[in-house]
Asks: 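The structure under discussion is supplied below as structure tokens; questions concerning it will follow.
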Amino acid sequence: MKFKFDNIRKSFVRVFGGSVLTEDFFLKNMRFVIAIVLVMFLFISHRYKVLQQMTEIEKLQQELRDAKYESLTISSSLTEASRQGEIERRIEEAGLELKVTNEPVYYLDK
């Protein structure tokens, strides 16, 4: 048991002490290790950028939904206000002496 613990301790000290980086294997493959580290940084930064864009997209979609509902509300109130019965009621409330004609409209041709 003591033998395994000593081996683990020595390996741990070697890796975190930095002496593993001076070994022949790492020196030969240093370009590859640096390339792998750069690719990892690129993946991490790309993921962060994508998460920011997804948050922005969700925010804009919510604003679009709100604008659609507001447009629908305004359109329905305009439709209600432009009905003939509503117009007649508002004319009576205003006290104007306008009446709906029962005669058809005549068009004059040249």
Asks: Within this structure, what is the OG-CG distance for the pair Ser71 and Leu64, rounded to the nearest 0.5 Å?
Replies: 10.5 Å
Asks: Looking at CG of Asn29 and CD1 of Ile36, how far apart are the two atoms once the value is rounded to the nearest 0.5 Å?
Replies: 10.5 Å
Asks: Are the side chains of Gln52 and Glu56 in contact, using a 4.5 Å heavy-atom criterion?
Replies: no
Asks: When clusters are formed by joining ILVMFWY residues with side-chain heavy atoms under 4.5 Å apart, either directly or through shared neighbours, do Leu96 and Ile87 land in the same one?
Replies: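 Yes; Ile87 is reachable from Leu96 via cluster members.
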Asks: For the CD atom on Gln62, are there more than 12 heavy atoms of other groups (residues, nucleotides or ligands in this structure) within a distance under 6.0 Å?
Replies: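 Yes.
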Asks: Can you tell me if Glu88 and Gln84 form a side-chain donor-acceptor pair at under 3.5 Å?
Replies: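 A donor-acceptor contact under 3.5 Å links the two side chains.
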Asks: Could you tell me whether the side chain of Ser45 and the main chain of Phe41 form a donor-acceptor pair under 3.5 Å?
Replies: yes
Asks: When you group the ILVMFWY residues by side-chain heavy-atom contacts below 4.5 Å and let the links chain together, are Phe32 and Met40 in the same group?
Replies: yes
Asks: More than 12 non-hydrogen atoms from neighbouring residues, nucleotides or ligands closer than 6.0 Å to CZ on Arg47, yes or no?
Replies: no
Asks: Starting at CG of Leu51, measure out to NE2 of His46 and round the result to the nearest 0.5 Å.
Replies: 10.0 Å
Asks: Say you draw a straight line from CD of Glu63 to CG of Leu60; how long is it, rounded to the nearest 0.5 Å?
Replies: 5.5 Å
Asks: Apart from Ile74 itself, what residues make up its hydrophobic cluster when side-chain heavy atoms of I, L, V, M, F, W and Y under 4.5 Å apart count as a link, directly or indirectly?
Replies: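 So far as hydrophobic clustering goes, Ile74 is joined with none.
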Asks: When rounded to the nearest 0.5 angstrom, what is the spacing between CG in Leu72 and CD in Glu70?
Replies: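 Atom-to-atom, Leu72:CG and Glu70:CD are 11.0 Å apart.
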Asks: For Arg83, is there an ion pair with Glu86 - N to carboxylate O distance below 4.0 angstrom?
Replies: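 No salt bridge links Glu86 with Arg83.
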